[in-house]
Protein chains: 2
Amino acid sequence: MAQDALSAKAPEERRDRILRATVDVVRDRGFAGTRVSDIADAAGTSQGLILYHFRSLAGALNAALTLLEDEFYEDLDRDLREQAGPVERLRHMADLAAGMGPAVGDWRLWLELWVRALHDDDARATRESLDRRWRSALREVISEGQATGDFDPADTDASAMRLASLMDGLAIQLALGDRGMTPERLSDLWWQGAVTELRMPV
Amino acid sequence: MAQDALSAKAPEERRDRILRATVDVVRDRGFAGTRVSDIADAAGTSQGLILYHFRSLAGALNAALTLLEDEFYEDLDRDLREQAGPVERLRHMADLAAGMGPAVGDWRLWLELWVRALHDDDARATRESLDRRWRSALREVISEGQATGDFDPADTDASAMRLASLMDGLAIQLALGDRGMTPERLSDLWWQGAVTELRMPV
DNA sequence: CACCAGTCTGAACGGACGTTCAGGTAGCCT
DNA sequence: AGGCTACCTGAACGTCCGTTCAGACTGGTG
């Protein structure tokens with residue numbers, strides 16, 4: 001028995017496990033409901049270790065946020081690069097947001113982030129950055145589609161803003177478990193909206 | 001000096017003052033950040049009285065929610081009844097949501113409500129009810145506009161859902177203070193979206 | 001006036017929870 | 001081997017905060 005199953009090989013792995021546990025706890029307890037002991041339980045460590053690696057509960061929460069941010073970027077970049085043309089890319093964004101991407105479609109978490117952003121500056125910065133990234137990806141795809149002739153929006157900026165906002169709004173229904181809102185319906189509703197908004201040829 | 005300025009005429013007025021104070025505190029501290037002492041300070045009463053009138057902090061918060069719900073309905077009904085035709089009504093809904101109505105455009109509060117709805121059943125019910133009401137008002141206006149020939153949506157239900165969601169999404173930007181998002185821009189972006197979505201004649 | 005019910009207060013209580021701390025273990029350098 | 005550093009733990013501490021409570025004040029009723 002060279003290694004105890006509980007003790008990770010490297011401290012860094014323990015640290016990572018704590019962050020992942022933090023994300024999990026926040027997802028279903030919310031930022032406000034997350035206790036140090038919850039994270040400790042979920043990560044299988046002591047409370048002390050969490051305070052040792054991060055300086056405070058807030059430190060752990062913020063570190064979890066930046067982890068999330070990084071994963072969001074990775075997901076988005078990797079997934080979009082795989083798609084051939086602008087139409088496919090846009091279609092894929094709908095599916096990603098509908099929950100097919102591990103980080104991108106994590107709407108309960110984004111909801112929590114939005115509200116935390118109302119009161120916490122770190123969260124505000126993270127939120128802004130995520131949103132900017134998502135919107136600029138969207139705008140890029142639209143521009144690309146304009147170049148290829150697939151899209152013909154009346155006002156590119158306004159269309160990008162509307163489509164991004166539409167996604168957020170639909171996602172709220174999904175996150176809150178509204179009757180009749182499913183990932184598929186979200187994807188469809190958004191795609192139809194994009195077809196209209198970008199005046200795609202049918 | 002028949003009446004002390006601090007002591008309200010009727011206990012009911014005190015109760016009401018507490019509820020209003022609760023709403024105020026929640027609006028800028030959030031549900032999670034709201035303490036009994038905050039409410040007491042804002043209402044100019046003792047902590048005890050809040051626990052006397054409502055059974056607990058949660059009781060006060062929930063009572064504040066139903067107050068909000070009632071005011072939302074009043075605002076919406078009164079304001080919409082004043083408008084002449086479907087086009088004017090729809091236009092007015094944009095303005096209402098952009099923050100011209102005292103209760104309707106209170107987006108920070110709605111954001112807080114959404115997240116609370118993730119974890120609290122009372123909040124969930126209130127949210128659902130508010131959303132249903134708003135969406136059905138929207139759907140009604142759209143139907144009316146179809147009857148008069150002002151609107152011609154491809155799919156009425158889908159259009160209503162998209163326009164409601166678009167509003168929520170835009171409102172998030174507004175509530176979070178995104179650069180470049182103002183009530184006027186929100187109203188414009190939404191209205192343009194509605195023009196497209198409902199295929200209004202220009 | 002005496003009594004009572006409703007309203008209101010400020011202090012006290014007790015539990016929850018973030019943080020601190022004293023110490024224990026394991027790898028690593030000399 | 002000895003010792004140093006990083007990592008980790010569980011208990012203890014102190015604070016914050018919701019709730020309870022004993023009593024004061026008021027207006028109305030017999």
Side-chain angles (χ1 to χ4, degrees), chain A residues 1-26 28-65 112 116 119-120 122-123, chain B residues 1-26 28-65 112 116 119-120 122-123:
Chain A
M1 208 75 63
Q3 296 281 33
D4 188 329
L6 279 179
S7 75
K9 282 175 286 185
E12 212 166 315
E13 197 182 300
R14 296 277 264 165
R15 202 186 124 101
D16 205 61
R17 205 180 334 174
I18 291 173
L19 281 182
R20 241 156 256 295
T22 305
V23 172
D24 288 343
V25 174
V26 170
D28 61 62
R29 289 257 224 284
F31 278 104
T34 295
R35 309 273 159 261
V36 176
S37 60
D38 296 329
I39 301 176
D41 289 349
T45 69
S46 65
Q47 299 195 23
L49 189 61
I50 288 150
L51 279 297
Y52 171 76
H53 277 302
F54 313 93
R55 284 173 42 85
S56 62
L57 172 59
L61 294 176
N62 287 334
L65 276 185
E112 292 283 348
R116 190 173 169 83
H119 309 106
D120 176 281
D122 280 303
Chain B
M1 207 80 60
Q3 296 280 34
D4 186 329
L6 279 179
S7 75
K9 281 174 286 183
E12 211 167 317
E13 196 182 301
R14 296 280 260 160
R15 204 187 124 101
D16 204 62
R17 201 176 341 170
I18 291 173
L19 281 182
R20 242 156 254 297
T22 304
V23 171
D24 288 343
V25 174
V26 170
D28 62 61
R29 288 257 222 285
F31 279 104
T34 295
R35 310 274 160 259
V36 176
S37 60
D38 296 329
I39 301 176
D41 288 350
T45 69
S46 65
Q47 298 195 23
L49 190 60
I50 287 149
L51 279 297
Y52 171 77
H53 277 301
F54 312 93
R55 284 173 42 83
S56 63
L57 172 59
L61 294 177
N62 287 333
L65 276 186
E112 292 284 348
R116 189 172 170 83
H119 308 106
D120 176 282
D122 280 304

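Computed from a predicted model, the values in this text were never measured in an experiment. Numbers restart at 1 for each chain; the letters A, B, ... are given by sequence-line order, proteins then strands.
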Using a 3.5 Å cut-off and no angle test, enumerate the donor-acceptor pairs between side-chain atoms of residues 35-52 of chain B and protein atoms at least two apart in sequence or in another chain.
residue	atom	partner	partner atom	Å
B:R35	NH1	B:A32	O	3.4
B:R35	NH2	B:A32	O	3.3
B:D38	OD1	B:R29	NH2	3.0
B:D38	OD2	B:R29	NE	3.4
B:D38	OD2	B:R35	N	3.0
B:S46	OG	B:L49	N	3.3

| query | For the pair made of CG in A:L61 and C1' in C:dC17, what is the distance, rounded to whole Å? | reply | 14 Å

| query | Expressed in angstrom and rounded to an integer, what is the separation of B:R15 atom CZ from C:dG6 atom P? | reply | 15 Å

Between [options], spot the one nearest the side chain of [X], thanks.
| X | options | answer |
| --- | --- | --- |
| B:R35 | C:dT7, C:dC17, D:dG18 | D:dG18 |
| A:L57 | C:dT19, D:dC7, D:dG18 | C:dT19 |
| A:R14 | D:dG18, D:dC8, C:dT7 | D:dC8 |

| request: Could you pull out the closest heavy-atom pair between B:L19 and B:A63, with the gap in Å? | output: CD2-CB, 3.6 Å

| query | Taking all atoms of both residues into account, what is the closest heavy-atom pair of A:V23 and A:A64, and its distance? | reply | CG2-CB, 4.0 Å

| field | Check: B:N62 and B:F54 side chains under 4.5 Å, non-hydrogen atoms | value | no

| Given side chains that start at C-beta, do those of A:L61 and A:T34 come closer than 4.5 Å, heavy atoms only? | yes

| Check ion pair A:D16-A:R20 (N to O, under 4.0 angstrom) | yes

| Which residues in residues 46-56 of chain B have at least one heavy atom lying under 4.0 Å from any atom of DNA chain C? | B:S46, B:G48, B:L49, B:Y52, B:H53

| query | Which of residues 18-25 of chain A sit near DNA chain D, with a heavy atom under 4.0 Å from it? | reply | none

